[in-house]
Amino acid sequence: MTQLRYDPSEIEPRWQAIWAEEHTWEVANDNASGRPRSYVLEMLPYPSGEPHIGHLKVYSVGDAIAHFRRRRGAEVLHPMGYDAFGLPAENNALATGEHPRDSTNTSIASFQRQFRDWGISIDWSRELSTADPRYYRWTQWIFVELFKAGLADRREAAVNWCPHDQTVLANEQVIDGRCERCGHEVEIRQLEQWFFKITDYAQRLLDDLGALDWPEHVKTMQRNWIGRSEGAEVDFHQPELEIDYPVFTTRPDTLFGATFFVMAPEHPDVARLAAGTPDERAVHEYINHALTASNAERGATDKPKTGVPLGRHVINPVNGEAIPMFVADYVLMEYGTGAIMAVPGHDQRDFDFAEAHGLEIRRVIEGDELPYTGDGPLVNSGDFDGLPNREAKDQIVSWLQAADRGKGVVQFRLRDWLVSRQRYWGCPIPMIHCPSCGIVPVPEDQLPVLLPDVEDYAPKGRSPLAAAEDWVNTTCPACGTPAKRETDTMDTFVDSSWYFLRYCDARNDDAAWDPQVLAEWMPVDQYIGGIEHAILHLMYARFFIKALADLGHLSFQEPFAALFSQGMITRDGAKMSKSRGNVVSPQSIVERYGADTARSYILFIGPADQDADWSDDGVEGVHRFLSRLWRLAAEIAETGDAEPPPTDPQGADLELLRKAHWAIEKVTHDLDGRFAFNTAISAVMELTNDCYRLRTQVAPGVLRFALATGASLIFPFAPHAGADAYERLTGARVWEEPWPIADPALLERETYELVCQLNGKVRDRLQVPTGLGEDALKELALAAPHLRSHLDGLQVTKVIVIVGKLVNVVAR
RNA sequence: GCGGGCGUGGUGGAAUUGGUAGACACGCCGGCCUUAGGAGCCGGUGGGCGAAAGCCCUUGGGGGUUCAAGUCCCUCCGCCCGCACCA
């Protein structure tokens, strides 16, 4: 026997060189091939240091899908780029003085090298980096487009401020009151900042989720984040100040149960209201305390409900009652109107506050013990008494509307997207502040506004760009007088909200894209990424597409038709991290076993959408399998025996041919929309095992066919080994071969095992010919020896026959 | 608290439409080959009783529907994720 050793370190670079030299994975926009198009995309990587195991997983999944679709006849766009702006590179610059551009380029080079080492089938001709002026020129163009459309504006608002990173953050980037990036507690500051009006799209972002082929939990997370609630705005009149204070409520049916009124400590009128009342001093003290309390402290829901009286009253519009006003920190300024009507009888929070402060608790809906939040008929509600509360909602809103004291409204939890950052390494906001003209966009022909070099990256609460005086000082494009550039940079989520468009037309220097070209590829047919972007990136990108479509730049409404969300790879049950010391680097696995093993193992470990724990022993198993497949294929190829399989196979020949066709069917089904990579790989393992088991009993042509089929089927997961084994066996390039199709005749068996049950328990198994009908099967089962021995003394009452599966005899 | 997911051998997992539970792989045990094996090939491996044939038990616990339940329903327990004073 020849001494053939599976050596990925020899095989893999050889095939990678061919793919690179021949530009195998590049696709053109002219659609000369006439094939159906498919856009397969993994989320844009942030290049920091080396790729980690999560990158290996996402590209192993994406590449398997891309290869499968190509061989099923599609022209597949599968590009790559880098989300190259961002804080880590800048923080590194602070520590080392190395320019973020240089450290980022080092990281990009490492990512490029490893993606090639992994053999990912990428169209490198469309590669992009968001920090490249040729790219961010168009990011700036989009910003200006949104500005012109009134969808980008600069305004003062209470915003999240990270004292560590010295910058503001979007709501989505604050997790449990802490900065998503550095984990420091976030403060609330009143600042003038740039916003994108994503709230204008709240309803559409919600409505259009329905048609997306996305995991249900991701859609649910977006729905929760958008947070639509229907209710009413009701005006409560304050007689001394003669001001109407609107409140938002989802329960207008409980309006008669409002026994007090609460304002958020941040409400701008609180100080005015308290002025001159005996409570003024207490109110000031309370506000000071509430506003200086940390987020975490204030956000705790289990703490007692604090608050103080404002010394004033408002009038309940439905019954004219004067109810006392309070300031309390359980009311949030950022939701609704910053003030609420409190209905302690039917709201747990208002109930807690009323109990703590000895306030009246009134029942207005019949039902269980108070606080009662269920449904029921109204009581103590004037003319509305007796009405079921759900009906009363509409009627009370109508009454308010007629009386001009309120109206039905819809509230969203979604806030506008805060996009300015007081940091260096980001896309400059292309705006100019002119003393006479105000805010003026940089004209399109002057884009890009290049990011200047600076000496000092240290954040000082204002952008480091402000120090670049030559850059900051400019002239107003409108009036020509001296003016200053905007010094904030954009949130890096802006960069990644449109990169998938640029891939389609990546080398276009005249426009961000040609809408015609985009229409050919977009939307992305299969998007793949981690659950951590369920809200942030996926919501922002959806907003961008809708806004750009409204501006006439796009002809579609959603960026990602289908989404696959891959699970995390853990080790010893915990997320891999340097501090835990449980990191498995993809590079070390690739060096030791080869890329094919690394990729196949990560898909074999379990369902790709679930978290999975890394096991060093498991890698060995997959490596053993690839080695077995390749080795037998290489051995058989060396025999030079190339006779075709027999036309009328029998015995072992038939058995192995059947197994091969079974594997084709299984892998195809598992890949076709099911993403069941683990079971697909196990099917090829079974085929390989049978090749070994039957190799001395089958005709050479049959073994050759079975092995070539295995090589062909494993190719999407282990492209180098698959291509190598296939070429040795057939002389052909596997990626140029169509995906195999199972022969239906070989999927059917002549006999099968009929399970014979008595009262649901398996008592016998019979080999029966395929095609027997119910009556024949019933007879065979009743005659089955082991079943019969259990039938003594029993009366058969019923026989259930499932043709092709089993017979269940029911007897008492 | 609300919403979602999950719970199967010693381990990762399979079971696609209610129809043979445990595919495939790891680990372990045995055999072959070998000067040698951390290589390779072949076989065994859910638990209990049994010499064997075989029988009984088994998908987190309990209950139900059904000829038949890992799968459907109810209930309890445990773990994970998201949201969380959103009026």
Side-chain angles (χ1 to χ4, degrees), chain A residues 1 3 5 175-176 215-225 227-229 231 247-251 254 262 264 298-303 305 328-332 334-343 346-350 352-353 411-414 531 534-535 567-568 573 601 604-607 609-622 624-625 627-628 631 666 669-670 674 676 678-686 688-689 692-693 695 753-765 786 789-790 797-802 804-811:
Chain A
M1 205 180 269
Q3 294 298 310
R5 195 172 67 88
I175 313 290
D176 292 333
E216 208 47 52
H217 67 283
V218 176
K219 295 201 220 180
T220 303
M221 282 168 74
Q222 291 217 349
R223 285 193 189 103
N224 289 344
W225 189 262
R228 183 184 198 272
S229 53
V247 300
F248 175 72
T249 178
T250 54
R251 296 295 306 273
T254 64
V262 191
R298 197 179 150 181
T301 52
D302 48 354
K303 75 176 170 90
K305 298 255 177 304
D329 69 1
Y330 81 92
V331 175
L332 309 174
E334 57 270 23
Y335 187 78
T337 62
I340 61 156
M341 67 174 204
V343 183
H346 303 282
D347 180 283
Q348 182 68 50
R349 297 152 303 174
D350 297 342
D352 294 344
F353 189 85
Q411 272 284 331
F412 292 96
R413 205 190 79 110
L414 183 69
I531 190 68
I535 293 167
M568 197 174 45
Y601 172 62
F604 180 71
I605 191 169
D609 60 346
Q610 285 171 31
D611 290 352
D613 207 53
W614 182 270
S615 148
D616 290 337
D617 292 338
V619 189
E620 295 273 1
V622 171
R624 205 170 297 158
F625 152 66
S627 177
R628 273 162 65 82
R631 197 155 19 84
K666 172 79 179 150
H669 183 253
D670 284 351
R674 224 177 143 236
N678 55 333
T679 51
I681 292 168
S682 82
V684 187
M685 287 176 170
E686 286 192 48
T688 305
N689 289 345
Y692 272 84
R693 187 170 57 84
R695 69 183 189 274
E753 192 179 68
L754 180 75
V755 170
C756 304
Q757 295 181 328
L758 175 61
N759 293 328
K761 282 184 179 166
V762 180
R763 292 303 182 191
D764 217 332
R765 295 160 200 267
H786 287 114
S789 66
H790 285 87
T797 56
K798 201 174 178 184
V799 180
I800 314 276
V801 182
I802 308 294
K805 293 263 181 190
L806 58 77
V807 174
N808 188 13
V809 177
V810 185

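Per chain, numbering begins at 1; letters A, B, ... match sequence-line order. Since the structure is predicted, the reported quantities are computational estimates derived from the model, not experimental observations.
Residue A:Glu753 places a side-chain atom within donor-acceptor reach of the base of B:U20, judged by atom type and a 3.5 Å distance cut-off alone. For A:Lys761 against B:U20, no side-chain N or O and base N or O form a donor-acceptor pair under 3.5 Å. With hydrogens and angles ignored, no donor-acceptor pair under 3.5 angstrom links the side chain of A:Asp617 to the base of B:C26.
Taking both residues in full, the closest heavy atoms of A:Leu332 and A:Ala264 are given as C-CB, 3.9 Å, listed atom of the first, atom of the second, then distance. A:Val331 and A:Gly338 make their closest contact through CG1-O, 3.6 Å (heavy atoms, listed as atom of the first residue, atom of the second, distance).
A:Asp613 has its CG atom 18 Å from the P atom of B:C26, to the nearest Å. As a whole-Å value, the separation of A:Leu806 CG from B:U20 C1' is 8 Å. The separation between A:Asn224 atom CG and B:C83 atom P is 9 Å, rounded to whole Å. Distance CZ (A:Arg413) to P (B:C83): 8 Å, rounded to an integer number of Å. One interatomic measurement links the two molecules: CE of A:Met568 to P of B:G82, which rounds to 10 Å at whole-angstrom precision. Going from atom CH2 of A:Trp614 over to atom C1' of B:C26 covers 14 Å, rounded to whole Å. Look at NZ on A:Lys805: it is 15 Å from C1' on B:A69, rounded to the nearest Å. A straight line from NZ of A:Lys666 to P of B:A14 spans 10 Å, rounded to a whole angstrom.
When the P atom is used for both B:G70 and B:G18, the distance is 13 Å, rounded to whole Å. Atom name P, nucleotides B:G27 and B:U20: the rounded distance is 30 Å, in whole Å. For B:A23 and B:U45, the P atoms lie 10 Å apart once the distance is rounded to whole Å. With both ends at atom P, the span from B:U8 to B:G61 equals 10 Å, rounded to whole Å. Across B:G12 and B:G62, the matching P atoms stand 22 Å from one another, rounded to whole Å. Taking the C1' atoms as reference points, B:C80 lies 15 Å from B:G60, given to the whole Å. Atom name P, nucleotides B:C26 and B:U16: the rounded distance is 24 Å, in whole Å. Separation of the C1' atoms belonging to B:G13 and B:C24 is 8 Å when rounded to the nearest angstrom.
Nearest to the side chain of A:Glu686, among B:G40, B:G19, B:A23, sits B:A23. Of the candidate nucleotides B:A14, B:C55, B:A84, B:A14 has the atom lying nearest to any side-chain atom of A:Asn678. For A:Arg695, whose side chain is taken as the heavy atoms from C-beta onward, the closest listed nucleotide among B:G27, B:C42, B:A14 is B:C42. Comparing B:U20, B:A87, B:C24 by their nearest atom to the side chain of A:Phe604 picks out B:C24. Of all nucleotides listed (B:U20, B:G43, B:A15), B:A15 comes nearest to the side chain of A:Arg674. Closest approach to the A:Arg628 side chain among B:U16, B:G19, B:C41 is made by B:C41 (side chain taken as heavy atoms from C-beta onward). Considering only side-chain atoms of A:Val331, the nucleotide from B:A87, B:A14, B:C85 that sits closest is B:A87. Distances from the side chain of A:Asn689 to the nucleotides B:A68, B:C24, B:A87 place B:C24 closest. Taking every side-chain heavy atom of A:Val762 into account, B:U20 is the closest of B:G19, B:U20, B:A25. Among the nucleotides B:C55, B:G43, B:U16, the one closest to the side chain of A:His669 is B:U16.
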For a salt bridge (charged side-chain N to carboxylate O under 4.0 Å, His left out) check, start with the C-alpha distance between A:Arg693 and A:Glu686, then their side-chain angles and the critical distance, and finish with the verdict. CA-CA 10 Å; A:Arg693 187 170 57 84; A:Glu686 286 192 48; over 6 Å; no
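Nucleotide B:A15 is matched to nothing when pairs are restricted to Watson-Crick or G-U wobble geometry with both distances under 3.5 angstrom. Within the shown strands, B:C29 is the pairing partner of B:G43 under the Watson-Crick or G-U definition, both distances less than 3.5 Å. The base-pairing partner of B:G7, taking Watson-Crick or G-U wobble contacts with both distances under 3.5 Å, is B:C77. Taking a pair to require two hydrogen-bonding distances under 3.5 Å in either a Watson-Crick or a G-U wobble arrangement, B:U35 remains unpaired. B:G70 makes up no base pair with any nucleotide shown, lacking Watson-Crick or G-U wobble contacts both under 3.5 Å.
When the side-chain nitrogen and oxygen atoms of A:Arg624 are compared with OP1 and OP2 of B:C24, none of them lie within a distance under 4.0 Å. Contact between the side-chain N/O atoms of A:Arg631 and the OP1/OP2 oxygens of B:A39 is not found at any separation under 4.0 Å. For A:Ser229 and B:A87, the shortest distance from a side-chain N or O to OP1 or OP2 is below 4.0 Å. Contact annotation: A:Arg223 side-chain N/O to B:G4 OP1/OP2 distance is not under 4.0 Å. Contact annotation: A:His786 does not reach the phosphate of B:C55 (side-chain N/O to OP1 or OP2, under 4.0 Å).
Within the 4.5 Å cutoff, the side chain of A:Thr254 has heavy atoms near those of the A:Met341 side chain. Side-chain contact check for A:Asn678 versus A:Pro607: some heavy-atom pair is nearer than 4.5 Å. Residues A:His217 and A:Ile531 are in side-chain contact: their nearest non-hydrogen atoms beyond the backbone lie under 4.5 Å apart. With contacts defined as side-chain heavy-atom distances shorter than 4.5 Å, the pair A:Arg251/A:Val343 does not qualify.
Taking the six-membered ring for Trp and thresholds of 30 and 60 degrees, A:Phe353 and A:Tyr330 have ring planes inclined between 30 and 60 degrees apart.
Taking syn as a glycosidic angle within 90° of 0, B:G38 does not qualify and is anti.
Counting non-hydrogen atoms under 4.0 angstrom, A:Gly621 reaches the backbone sugars and phosphates but no base. Contact annotation for A:Ser615: no contact, since no heavy-atom pair falls under 4.0 Å across all strands. Residue contacts shown for A:His790 are limited to sugar-phosphate atoms, with no base heavy atom under 4.0 Å away. Among the protein residues, A:Arg228 comes within range of no part of the nucleic acid, since none of its heavy atoms lies under 4.0 Å from any strand.
Residue whose closest nucleotide on RNA chain B sits further toward the 5' end, between A:Arg765 and A:Ile531: A:Arg765.
For the residue pair A:Asn689/A:Arg628, the side-chain donor-acceptor check at 3.5 Å is satisfied.
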